[in-house]
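One-based numbering along the sequence shown. Because the structure is predicted, anything quoted here is derived from the model rather than measured.
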Amino acid sequence: MTPIEYWKRFKFRTKLILLLSAATVLISGITGLMTYRIHIALFNEEVGRQYALTAEQVLARLDSRVNDMYKVTDYITLNPSVKNAIQSQEAGISSYTQMKLEDELDDQLYQVRLDAPEIMSLRIYDLKGNRFNLGSFSGSLEQLKPDYLTAVVGGLNGTGGEYVWNPLTPGAYVQEERTNWILAGRVMNSVDLETYGFMLILFNTSLFESYVKDLRLDDDSAVYLLDAGGNLLYSFQGQKEGTLKPPFAELETGAAEVRGEDGAAWLYTKQTSDKAGLTLVSRVSLAQIQQKGRVIVEVAVFSAAASVLCLSLIIMGISGRLLRPLGGLVEAMKKVQGGRFDTRVAVETTDELGFIGESFNDMASRIDTLIHEVYERKLSEKQAELRAIQAQLNPHFLYNTLSLFFWKFYMLGDERSARLVTALSEMLQYTLQPAQKLTTLQDEMTQIRHYVEIQQARYAETLSVEIKMPPELERCEMIRLLLQPVVENVFVHAFANKRGDRRLEIRALRRGGELAAGPGEAGEAEENKRPPMLVIEIADNGCGMDEGKIARLYAPAQPPSQTEEKGREHVGLRSVMRRIELVHGSPYGVEIESAPGAGTTVRLLLPEQSEWEERLPITGKEEK
């Protein structure tokens, strides 16, 4: 036995108890979850604010220390004795001269090196190809590849004296990789801004570690320091090192952000210093905070369980009395189900159950007529006819083929043919929209322009088309694909035997409502009584029609097998007339004015509606 069959065997009272109990559990669970989420959101917001403030303070201290390093190297760069000693050397000096000059500079800069213990080594390159190593660990730079150092010095050209940070990758070392070094370089300019050399400074990572340690709250915390170009200078990651890649570019500067990664919540902060241009990104796990907040969910679950127990006892006590009238109603429904529509129930109360009983009695007396005569037959026939008419105008299979033709013409350089294929493709795509979805006059006119563009490629100079559409009518709603069949009939029938001077005019105007009829039109008083109408006129100077042919168009449709022409009329103009009749009814429809050799004017009368929120804007108001 399936669960559904087992559930159907329960009594209504049992189902009621189970459903109300489930609803109580669901409501309590949702309440607990919402409370938990609100609690976590508020808590995370406060923790994020405090953590961002701490990161800002850490970066300010770090920025101040880097600024001190600038002062130290500025003292060396702007020192006249250093400048004179460097510039006085010739190219290709001996090792003895180099060592002697290094000792002299070390003695002069001894106090400077004491003020900046983070500086492990200094190397100065003059403009003549000489280099000088300074500092307590001056030999440390010898552990870096000469080609790498040469490239770093070359990258200093064009800078203005600021630090250019260079992260040391594994490929920069000669042998053993050191993880506690950071290399920076700067141009050496004198007081008068004369460049006389380049300086490389090898820092120990203690320059950063002594400050960022305040951000390492737990073993999973991580800190990243980036230079002005976004390159990683220093990083410290906890136990998840290598498993998470911080989204540096996605983070917003100056704010705290909670992101979910690998099934856990992480708090990120991103701060940028004003002076040194360094960016500090820090990350801390919020898992423990969220774990404590889950207690709220557990309390909600226990509360729901207690509520279910109490509710079940209450329902069991009162359900017998309250649900007794439902038994008689169920029996009556079974009789109606068997076809006995004369069945009635006894109504003894005036409450909701009494109202249900009265409604059941009324329903039983009308259900047969409502189902068979009104609902099923009328509604089904109308919807079936609408779908059948619209199906004739939905050529789904051609759209992808036209796309292939467009790219073929485009690749061959035939732009005119490509534009024609694009116009036809836009028309087909327009027809693929759902038939029940209304369009606007502006969109419908756009499809006519596509069709006319195709016809103009055929008739060239012998075709003149004028389309007029007031701006206030552009947003009027209308049935989809009403104009195209009418315009197509112009080219198929009206212009069939015409050799030149083909003229087609399409106009949209408002009639009726609070506006009087146009000048010279008969029945002005009668027009004022009509509801507001959107009138679309399609006029041509083609062969025209006699009264007999116009009468056949208004007559009931003939089977399409009689003549090819009648088949086309049925799909085209007849479908337009029938669709307007089905959707809008009287007084809307189609008016035809024509005479042999005098052209034809087809006038569509539609309701004026202009409150459609889903319209896609299409530019263009008037085209000639």
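- Between R65 and D68 a salt bridge is recorded (basic side-chain N to carboxylate O distance below 4.0 Å).
- The shortest distance between side-chain heavy atoms of L105 and L122 does not fall below 4.5 Å.
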Verify side-chain contact (heavy atoms from CB on, under 4.5 Å) between R186 and I201, making sure each step is shown before the conclusion.
CA-CA 8 Å; R186 63 171 296 178; I201 310 104; 4.3 Å; yes

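- Here the closest heavy-atom approach between residue G161 and residue Y70 is recorded as O-CE2, 4.1 Å.
- With rounding to the nearest 0.5 angstrom, the CG atom of D126 is 10.0 Å from the CE atom of M188.
- The ring of W266 has its center no closer than 6.0 angstrom to the ring center of Y268.
- Side-chain contact between Y148 and N166: present, with at least one pair of heavy atoms (C-beta onward) separated by less than 4.5 Å.
- The closest side-chain heavy-atom distance from Q143 to V174 is not below 4.5 Å.
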Quick one, Q57 with Q271, criterion side-chain contact (heavy atoms from CB on, under 4.5 Å). Give me CA distance, side-chain angles, the key distance, then yes/no.
CA-CA 10 Å; Q57 295 172 350; Q271 307 287 342; over 6 Å; no

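- In this structure, K128 places its NZ atom where more than 12 heavy-atom neighbours from other residues, nucleotides or ligands lie under 6.0 Å away.
- The side-chain heavy atoms of F198 and L127, taken from C-beta on, include a pair separated by under 4.5 Å.
- Heavy-atom minimum distance, T159 versus L156: OG1-O, 2.6 Å.
- Going from atom CG of L183 over to atom CG of L141 covers 7.0 Å, rounded to the nearest 0.5 Å.
- When atom types are taken as modelled, the side chain of S273 and the backbone of L278 share a donor-acceptor pair closer than 3.5 angstrom.
- Under the 3.5 Å distance criterion, the side-chain polar atoms of N157 are matched with a main-chain donor or acceptor of G154.
- Here CD of Q447 is found 10.5 Å from CZ of R449. Values are rounded to the nearest 0.5 Å.
- Formation of a donor-acceptor pair under 3.5 Å by the Y196 side chain with backbone atoms of T77 is found in this model.
- Closest of all the heavy-atom pairs between N130 and F132 is CB-CZ, 3.8 Å.
- M69 CE to Y163 OH: the interatomic distance, rounded to the nearest 0.5 Å, is 7.0 Å.
- Nearest heavy atoms, A508 versus M469: CB-CA, 4.4 Å.
- When atom types are taken as modelled, the side chain of E102 and the backbone of N133 share a donor-acceptor pair closer than 3.5 angstrom.
- A donor-acceptor contact shorter than 3.5 Å is absent between the side chain of N231 and the backbone of D227.
- Although no hydrogens or angles enter the test, the distance criterion places a donor-acceptor pair under 3.5 Å between the side chain of Q98 and the main chain of R131.
- Across E474 and T440, no two heavy atoms sit closer than the pair O-CB, 3.7 Å.
- Not one N or O on the side chain of S64 forms a donor-acceptor pair closer than 3.5 Å with the backbone of A60.
- Rounding to the nearest 0.5 Å gives a distance of 6.5 Å between CG of L280 and OG1 of T269.
- The aromatic ring centres of W165 and F203 sit less than 6.0 Å apart.
- Across every non-hydrogen atom of L534 and C476, the tightest pair is CD2-CB, 3.9 Å.
- A donor-acceptor pair under 3.5 Å is absent between the side-chain atoms of E194 and the main chain of N189, judged by distance alone.
- Heavy atoms of other residues, nucleotides or ligands lying less than 6.0 angstrom from OH of Y75 number 12 at most.
- Using a 4.5 Å cut-off on side-chain heavy atoms (C-beta onward), Y125 and L149 make contact.
- Side-chain atoms of K145 come within 3.5 Å of backbone N or O of G171 as a donor-acceptor pair.
- Taking the side chain as every heavy atom from C-beta outward, T446 and T439 never approach each other to under 4.5 Å.
- With rounding to the nearest 0.5 angstrom, the CD1 atom of I124 is 8.5 Å from the CG atom of L101.
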